[in-house]
Visitor: 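Can you read through this structure? Questions will come right after.
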Amino acid sequence: MVKLKKYKYLTHFLFTSLFVLKFVNVIQARIPVESYIFWVMPLLIFYFYINKLWIKAHQWFCFVLIIYFLSSSLRVFGTESYWLDVAEVIIIISLFIHIMFGPKIINNAN
């Protein structure tokens with residue numbers, strides 16, 4: 001049960017970090033608010049189901065994170081990378097690895 005609590009705390013931390021990091025882009029006027037809302041909506045939907053510890057949500061979210069990784073890696077490995085973009089890629093990779101091992105942790109807790 002302790003592992004499951006640690007897993008949920010780390011999940012909350014990674015999601016919050018990703019939301020805040022992307023919102024800093026809005027504050028710096030790098031992206032419009034509408035783009036941020038469009039970007040964050042799928043994450044919020046999956047965040048809701050991942051909090052309920054649905055294993056299928058974890059599996060599908062890994063596929064969605066690949067799309068987010070590809071779009072952010074284009075900015076990082078493009079002509080000019082910015083530190084926020086690099087941090088976003090690092091958090092997305094961390095979240096992917098974390099979510100990928102989620103079903104195993106959930107099954108071991110039950």
Side-chain angles (χ1 to χ4, degrees):
M1 200 58 139
V2 173
K3 260 189 161 181
L4 191 60
K5 275 189 173 184
K6 286 182 182 179
Y7 174 78
K8 288 184 89 171
Y9 287 140
L10 187 56
T11 303
H12 296 315
F13 174 75
L14 288 171
F15 268 99
T16 305
S17 300
L18 194 57
F19 295 150
V20 169
L21 192 69
K22 199 64 168 182
F23 189 71
V24 171
N25 282 318
V26 173
I27 293 171
Q28 291 183 350
R30 293 187 67 223
I31 60 171
V33 176
E34 295 82 15
S35 294
Y36 175 74
I37 293 171
F38 180 75
W39 182 88
V40 82
M41 285 310 292
L43 293 177
L44 287 175
I45 293 168
F46 276 104
Y47 184 59
F48 173 75
Y49 289 109
I50 286 172
N51 277 335
K52 291 186 173 204
L53 302 176
W54 288 10
I55 292 176
K56 286 287 184 191
H58 285 77
Q59 294 167 345
W60 279 103
F61 187 58
C62 283
F63 290 112
V64 172
L65 275 177
I66 291 171
I67 296 169
Y68 280 87
F69 171 76
L70 290 173
S71 66
S72 62
S73 66
L74 286 174
R75 289 188 310 276
V76 170
F77 301 113
T79 55
E80 295 178 25
S81 63
Y82 191 62
W83 71 272
L84 285 173
D85 298 331
V86 174
E88 181 181 338
V89 167
I90 291 169
I91 292 175
I92 288 173
I93 291 170
S94 302
L95 187 60
F96 178 83
I97 293 168
H98 177 72
I99 294 296
M100 187 174 58
F101 287 109
K104 182 178 180 180
I105 294 170
I106 294 168
N107 283 334
N108 288 342
N110 291 331

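Counting begins at 1 with the first residue of the sequence.
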Visitor: Rounded to the nearest 0.5 Å, how far does OH of Tyr36 lie from CD1 of Ile31?
Guide: 8.0 Å
Visitor: Using a 6.0 Å cut-off, check whether atom CD of Gln28 has over 12 heavy atoms from anything other than its own residue.
Guide: yes
Visitor: Before you tell me yes or no, could you show the steps for Val86 and Ile90 under side-chain contact (heavy atoms from CB on, under 4.5 Å), namely the whole-Å CA-CA distance, both residues' side-chain angles and the distance that decides it to 0.1 Å?
Guide: CA-CA 6 Å; Val86 174; Ile90 291 169; 4.1 Å; yes
Visitor: Work out which heavy atom in Val76 is nearest to a heavy atom in Ser81; give both atom names and the distance.
Guide: O-CB, 3.1 Å
Visitor: Just how far is it from atom CG of Leu18 to atom CG of Leu65, taken to the nearest 0.5 Å?
Guide: 8.0 Å
Visitor: Within a strict 4.5 Å, meaning less than it, do heavy atoms of the Glu88 and Ile92 side chains meet?
Guide: yes
Visitor: Could you give me the CA-CA distance, side-chain angles and deciding distance for Arg30 and Asp85, then say whether side-chain contact (heavy atoms from CB on, under 4.5 Å) is met?
Guide: CA-CA 11 Å; Arg30 293 187 67 223; Asp85 298 331; 3.0 Å; yes
Visitor: With a 4.5 Å heavy-atom cut-off, do Ile37 and Val33 have their side chains touching?
Guide: yes
Visitor: Let me confirm one number: the CD1-NZ distance from Ile106 to Lys8, rounded to the nearest 0.5 Å.
Guide: 9.0 Å
Visitor: For Leu14 versus Ile91, what's the shortest heavy-atom pair and its separation?
Guide: O-CG2, 3.8 Å
Visitor: Determine whether Leu84 and Phe38 fall in the same hydrophobic cluster, where Ile, Leu, Val, Met, Phe, Trp and Tyr are linked whenever their side-chain heavy atoms lie under 4.5 Å apart.
Guide: no
Visitor: If Ile, Leu, Val, Met, Phe, Trp and Tyr residues are connected whenever their side-chain heavy atoms lie under 4.5 Å apart, and connections chain through other members, are Met41 and Tyr49 in the same group?
Guide: no
Visitor: Say whether Ile67 and Phe61 are linked into one hydrophobic cluster, either directly or through other cluster members, by side-chain heavy-atom distances under 4.5 angstrom.
Guide: no
Visitor: Begin with the C-alpha distance, continue with both residues' side-chain angles, and end with the deciding distance and a verdict on ring pair (Phe, Tyr, Trp, His ring centres under 6.0 Å) for Tyr68 and Phe46.
Guide: CA-CA 13 Å; Tyr68 280 87; Phe46 276 104; 9.2 Å; no
Visitor: Answer with yes or no whether the hydrophobic clustering places Leu53 together with Tyr9; edges join I, L, V, M, F, W, Y residues whose side-chain heavy atoms lie under 4.5 Å apart.
Guide: no
Visitor: With a 4.5 Å limit on heavy-atom distance, are the side chains of Ile66 and Phe96 in contact?
Guide: yes
Visitor: Of the non-hydrogen atoms in Ile99 and His58, which two are nearest, and what is the gap between them?
Guide: CG2-O, 3.5 Å
Visitor: Has Trp39 got more than 12 heavy atoms of other residues, nucleotides or ligands less than 6.0 Å from its CH2?
Guide: yes
Visitor: Say whether Tyr47 and His12, considering side chains only, have a donor N or O and an acceptor N or O under 3.5 Å apart.
Guide: yes
Visitor: Are Met100 and Trp54 connected, step by step, through hydrophobic side chains (Ile, Leu, Val, Met, Phe, Trp, Tyr) whose heavy atoms are closer than 4.5 Å?
Guide: no
Visitor: Hey, could you give me the CG/CG distance between Asn108 and Leu4, rounded to the nearest 0.5 Å?
Guide: 10.0 Å
Visitor: I want to know whether Tyr7 and His98 have ring centres closer than 6.0 Å.
Guide: yes
Visitor: Any side-chain heavy atom of Phe23 sitting closer than 4.5 Å to one from Val40?
Guide: no
Visitor: Determine whether more than 12 heavy atoms belonging to other residues, nucleotides or ligands lie under 6.0 Å from atom OH of Tyr82.
Guide: yes
Visitor: Look at the rings of Phe15 and Phe19 and say which category their plane angle falls in: under 30° parallel, 30 to 60° tilted, over 60° perpendicular.
Guide: tilted
